[in-house]
Amino acid sequence: MTNTGTIVADTSTDPTDADVAAYAPTACILCECNCGIEVRLGGDGRTFDRIRGDKAHPASKGYTCEKALRLNHYQNGGERLTSPMRRREDGTYEAIDWDTAVREVAEAFARVRDTYGGESIFFYGGGGQGNHLLGAYAAATFRGFGGRYRSSALAQEKTGEFWVNGEMFGRGVRGDFEHCEVALFVGKNPWQSHGMPHARTTLKEIARDPQRAMIVIDPRRTETAEMADFHLAVRPGTDAWCLAALAATIVQEGLTAGEWVRDHVAGTDEVCAVLRTIDVDAFARVCDLDPQLVRGAARRIAAADSVAVFEDLGVQMGLNSTLCSWLEKLVWVLTGNFGKPGAQFIPTAMVPLVAAGKVYTGKTSPVAGARIISGLVPCNVVSEEILTDHPRRYRAMLVDSGNPAHSLADSNRMREALRALDLLVVIDVAMTETAQEAHYVLPAASQYEKFECTFFNFEFPGNVFHLRRPLLDPLPGTLPEPEIHARIVEAAGLLNPDDMARLRGLAGESRLAFGAAFLEYMGAHPELGAVAPVILYRTLGPTLPHGAAAAAVLWNAAHRCAMTYPDSVRAAGIEGEGLELGEALFDAILSSPSGITFSVDDHEVSWTRLGTDDGRIHLVVAEMMDELTRLSPDGPPHDPSFPLVLSAGERRSFTANTIFRDRTWRKKDEHGALRVAPADAAALGLVDGGRARVTTASGSVEVMVEVAEAMRAGHVSLPNGFGIDGAGVSPNELTSYLHRDEFAGTPLHKHVPARVEAVT
Ligand SMILES: Nc1nc2c(c(=O)[nH]1)N[C@H]1C(S)=C(S)[C@@H](COP(=O)(O)OP(=O)(O)OC[C@H]3O[C@@H](n4cnc5c(=O)[nH]c(N)nc54)[C@H](O)[C@@H]3O)O[C@H]1N2
Ligand SMILES: Nc1nc2c(c(=O)[nH]1)N[C@H]1C(S)=C(S)[C@@H](COP(=O)(O)OP(=O)(O)OC[C@H]3O[C@@H](n4cnc5c(=O)[nH]c(N)nc54)[C@H](O)[C@@H]3O)O[C@H]1N2
Ligand code: SF4
Ligand SMILES: [Mo]
């Protein structure tokens with residue numbers, strides 16, 4: 001184990017009564033787990049003096065990793081914006097007051113809309129790892145001006161899997177690692193990246209139990225691989241061959257869950273016919289793996305009562321990434337691992353991240369013609385949609401809680417694209433790389449200065465939702481996003497103040513009366529559908545307890561959730577029939593500062609949630625069948641001028657995307673070293689702590705070297721999120737927007753052909 005970190009800090013001793021009064025509940029905003037934490041402010045009322053896990057949080061129950069304890073570096077990182085900023089002709093910025101900023105931003109968007117059409121306004125972001133409430137309000141501004149095309153970080157990692165899920169299940173699925181017999185991780189290192197409740201505890205439990213097993217497919221001997229029973233250390237980029245060999249072994253050795261598959265799965269014969277033709281030994285050799293290791297892993301999967309699977313960036317940002325998403329699902333569908341404890345399930349969504357049903361409907365982006373999957377334009381084509389003389393190119397962009405100049409492929413080109421826009425408006429807490437290209441920068445209150453929540457509610461069988469309350473007042477000069485967007489929408493003249501006043505009056509009387517009037521009003525004004533979140537914020541919002549105006553959109557979400565899953569919500573102890581159930585759910589959310597379990601289900605419920613037309617799992621995805629048959633027996637292509645494979649963006653103990661912008665938060669790996677295998681280091685003359693130059697087709701940078709036993713020869717790795725505060729390099733200085741998946745357009749950041757030389 002190279003790093004075990006501090007797993008649960010500050011929770012071993014029970015707090016004294018005095019402490020209890022001083023700590024306030026909130027959540028960590030650094031990964032999709034959003035562990036509940038409690039924060040005690042220092043004497044100045046603004047510094048995070050002490051942070052500990054919140055035992056009352058129904059999902060995390062006191063668990064945190066070491067990163068949460070550093071959140072003061074987010075809240076008080078020293079780079080916070082405190083005034084709206086307007087760009088001058090010479091590229092410098094001047095502070096302007098909020099009224100001027102809001103008026104000019106609204107006028108500027110209206111000008112673009114009136115000249116080129118609302119479709120030319122593009123929206124990027126809408127929330128990071130901790131803040132999804134703002135997404136509803138930002139969408140109101142964007143759609144209010146007639147915007148149609150949008151994207152977010154999901155379209156550079158998850159859309160390939162979303163597409164496959166849509167085709168096979170009509171819904172998104174997750175794995176139940178807490179109860180599984182076998183855990184399979186494909187290009188995923190949960191020890192560092194988490195992604196499941198109490199990841200490290202869960203991993204340790206699986207590793208400790210001789211009845212259970214862990215299988216890891218990763219070229220690197222990661223902290224997770226170190227704990228595994230089977231580590232399939234594939235040659236980088238050969239996952240499609242590895243996963244195909246696993247599925248083929250299952251079919252060829254007669255290990256499929258015969259009766260179960262007959263009852264629940266469509267298209268089995270066609271898929272099995274293709275898998276029968278695969279030469280497992282030859283495919284294993286492509287991966288540089290012992291065929292017996294691959295067969296052994298396949299047999300262990302088939303023998304298990306339950307298997308939970310997690311694929312992540314190692315394949316989602318790797319070669320053949322959409323194909324890998326499909327093959328990974330064949331492995332667990334053919335062995336019957338859906339809709340039972342320890343297998344895959346479909347969680348109850350408060351607000352679904354992806355709508356049910358087909359996620360790709362044939363819609364494409366206006367310039368590049370790229371597939372729009374789950375409503376998102378692939379991140380890698382955004383620059384192509386701007387840097388062109390095409391009449392439908394994007395002319396204006398709203399960025400809210402995203403840093404595309406740093407996080408999207410090919411930073412140079414991305415900056416060029418942002419500079420080519422007629423209008424760029426960025427809403428952020430800091431003067432980010434993206435904000436530095438904007439015409440207007442609007443300063444947001446931090447995630448601890450306002451109400452926030454996420455829709456990453458993937459637990460099972462009990463799903464948890466957490467509306468966080470602010471811990472402190474907004475930094476002077478900043479505003480929460482709902483207020484920013486409401487002001488922009490109002491300045492654009494989209495709302496009738498008299499109507500708002502009338503609805504607000506009704507909301508003050510009773511929510512049920514308000515609900516009826518609101519629905520009637522929206523029915524009579526379909527043109528206002530786009531700005532409904534702002535209407536709710538301005539009418540229902542002010543009447544909500546604890547100052548929770550920003551939660552107004554959750555009223556609608558709670559009703560939808562209660563209508564869609566009434567039994568699940570009632571099983572969580574929330575009572576009522578019809579509209580009362582939605583109201584009760586909304587009240588429970590408002591009154592639970594540590595979060596609530598809002599639904600409880602049996603694992604079998606997943607069957608009723610399949611979105612396919614016949615209630616079966618559909619094994620055949622035609623495009624993927626074709627791609628599988630086209631896999632070359634020689635393995636992936638290789639360019640001798642770039643002999644190494646660079647993974648640009650590894651998750652380490654001290655990385656957190658770009659949420660921390662203050663390098664002093666890191667306790668180690670301050671320079672974000674390039675990890676190199678000992679054999680490569682020896683061959684290239686690199687030494688631990690020395691310098692090296694990394695060159696790719698897109699760029700060349702100098703980095704510090706770490707000689708790492710865990711690396712596989714031929715594979716080098718740079719961390720994610722660096723290069724923003726004078727430490728390390730920004731990985732996307734080395735990546736190309738053209739290096740992307742054929743189907744989903746997602747980047748291949750884990751597989752960047754590279755050359756490394758020693759710097760003396
Ligand atoms: N500490 C920390 N945790 C985080 C984040 C963070 O920034 N820091 N970010 C969060 C976010 S946004 C996300 S999306 C998740 C991502 O979480 P992960 O996907 O787990 O993170 P990565 O380290 O980017 O990539 C996973 C693994 O892919 C491996 N890999 C590289 N090439 C290949 C290959 O060819 N095949 C296979 N099979 N594997 C390969 C790498 O060695 C690495 O161990 O993490 C979340 N959690
Ligand atoms: N080469 C390479 N590139 C990658 C990756 C990789 O592995 N390799 N990983 C990719 C992945 S998986 C992801 S998820 C993306 C993440 O990249 P992005 O989605 O761009 O974002 P984050 O770094 O998470 O930060 C989001 C922004 O939100 C801001 N912010 C924080 N709090 C608030 C708030 O309350 N309000 C507002 N308005 N803004 C706020 C932060 O300052 C930051 O600018 O990066 C991707 N880029
Ligand atoms: S696991 Fe994720 S949410 Fe939980 S404390 Fe760590 S970074 Fe934060
Ligand atoms: Mo991500």
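Ligands are counted one by one from 1 in listed order, and the atoms in each one are counted from 1 as well.
Ring geometry for Phe142 against Phe123 counts as tilted: the plane angle lies between 30° and 60°, on a 0 to 90° scale. Aromatic ring orientation, Phe177 versus Phe185: parallel (interplanar angle below 30°, classes split at 30° and 60°).
Residues Ser647 and Ser717 have side chains that never bring a donor and an acceptor to within less than 3.5 angstrom of each other.
Here the side chains of Ser698 and Tyr737 are not in contact, with every heavy-atom distance at 4.5 Å or above. Considering only heavy atoms from C-beta on, Val694 stays 4.5 Å or farther from Val716 through its side chain.
By the 6.0 Å and 45° rule, Arg52 stacks over the aromatic ring of Tyr23. The side-chain tip of Arg666 points at the ring of Phe722 from less than 6.0 angstrom away and within 45° of straight on.
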Sub-3.5 Å pairs, protein N or O with ligand 2 N or O:
{"unit_1": "ligand 2", "atom_1": "1 (N)", "unit_2": "Ala648", "atom_2": "O", "d": "3.0"}
{"unit_1": "ligand 2", "atom_1": "1 (N)", "unit_2": "Asn732", "atom_2": "OD1", "d": "2.9"}
{"unit_1": "ligand 2", "atom_1": "3 (N)", "unit_2": "Asn732", "atom_2": "ND2", "d": "3.1"}
{"unit_1": "ligand 2", "atom_1": "7 (O)", "unit_2": "Gly649", "atom_2": "O", "d": "3.3"}
{"unit_1": "ligand 2", "atom_1": "7 (O)", "unit_2": "Arg651", "atom_2": "NH1", "d": "2.7"}
{"unit_1": "ligand 2", "atom_1": "8 (N)", "unit_2": "Ala648", "atom_2": "O", "d": "2.6"}
{"unit_1": "ligand 2", "atom_1": "9 (N)", "unit_2": "Arg651", "atom_2": "NH2", "d": "3.2"}
{"unit_1": "ligand 2", "atom_1": "17 (O)", "unit_2": "Ser407", "atom_2": "OG", "d": "3.4"}
{"unit_1": "ligand 2", "atom_1": "20 (O)", "unit_2": "Asn403", "atom_2": "N", "d": "2.8"}
{"unit_1": "ligand 2", "atom_1": "20 (O)", "unit_2": "Ser407", "atom_2": "OG", "d": "2.7"}
{"unit_1": "ligand 2", "atom_1": "23 (O)", "unit_2": "Thr658", "atom_2": "N", "d": "2.7"}
{"unit_1": "ligand 2", "atom_1": "23 (O)", "unit_2": "Thr658", "atom_2": "OG1", "d": "2.5"}
{"unit_1": "ligand 2", "atom_1": "28 (O)", "unit_2": "Ser401", "atom_2": "OG", "d": "3.3"}
{"unit_1": "ligand 2", "atom_1": "32 (N)", "unit_2": "Tyr74", "atom_2": "OH", "d": "2.8"}
{"unit_1": "ligand 2", "atom_1": "32 (N)", "unit_2": "Gln447", "atom_2": "NE2", "d": "3.0"}
{"unit_1": "ligand 2", "atom_1": "35 (O)", "unit_2": "Lys450", "atom_2": "NZ", "d": "2.8"}
{"unit_1": "ligand 2", "atom_1": "36 (N)", "unit_2": "Glu481", "atom_2": "OE2", "d": "2.6"}
{"unit_1": "ligand 2", "atom_1": "38 (N)", "unit_2": "Asp400", "atom_2": "OD1", "d": "2.9"}
{"unit_1": "ligand 2", "atom_1": "38 (N)", "unit_2": "Ile427", "atom_2": "O", "d": "3.1"}
{"unit_1": "ligand 2", "atom_1": "38 (N)", "unit_2": "Glu481", "atom_2": "OE2", "d": "2.9"}
{"unit_1": "ligand 2", "atom_1": "42 (O)", "unit_2": "Asp428", "atom_2": "OD1", "d": "2.7"}
{"unit_1": "ligand 2", "atom_1": "44 (O)", "unit_2": "Asp428", "atom_2": "OD2", "d": "2.7"}
{"unit_1": "ligand 2", "atom_1": "47 (N)", "unit_2": "Ser407", "atom_2": "O", "d": "2.8"}

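Protein-derived N/O/S atoms nearer than 2.8 Å to atom 2 (Fe) of ligand 3 total 1, waters excluded.
With rounding to the nearest 0.5 angstrom, the CE atom of Met414 is 10.0 Å from the CD atom of Glu437. The CD1 atom of Ile488 sits 7.0 Å away from the CG atom of Leu398 when rounded to the nearest 0.5 Å.
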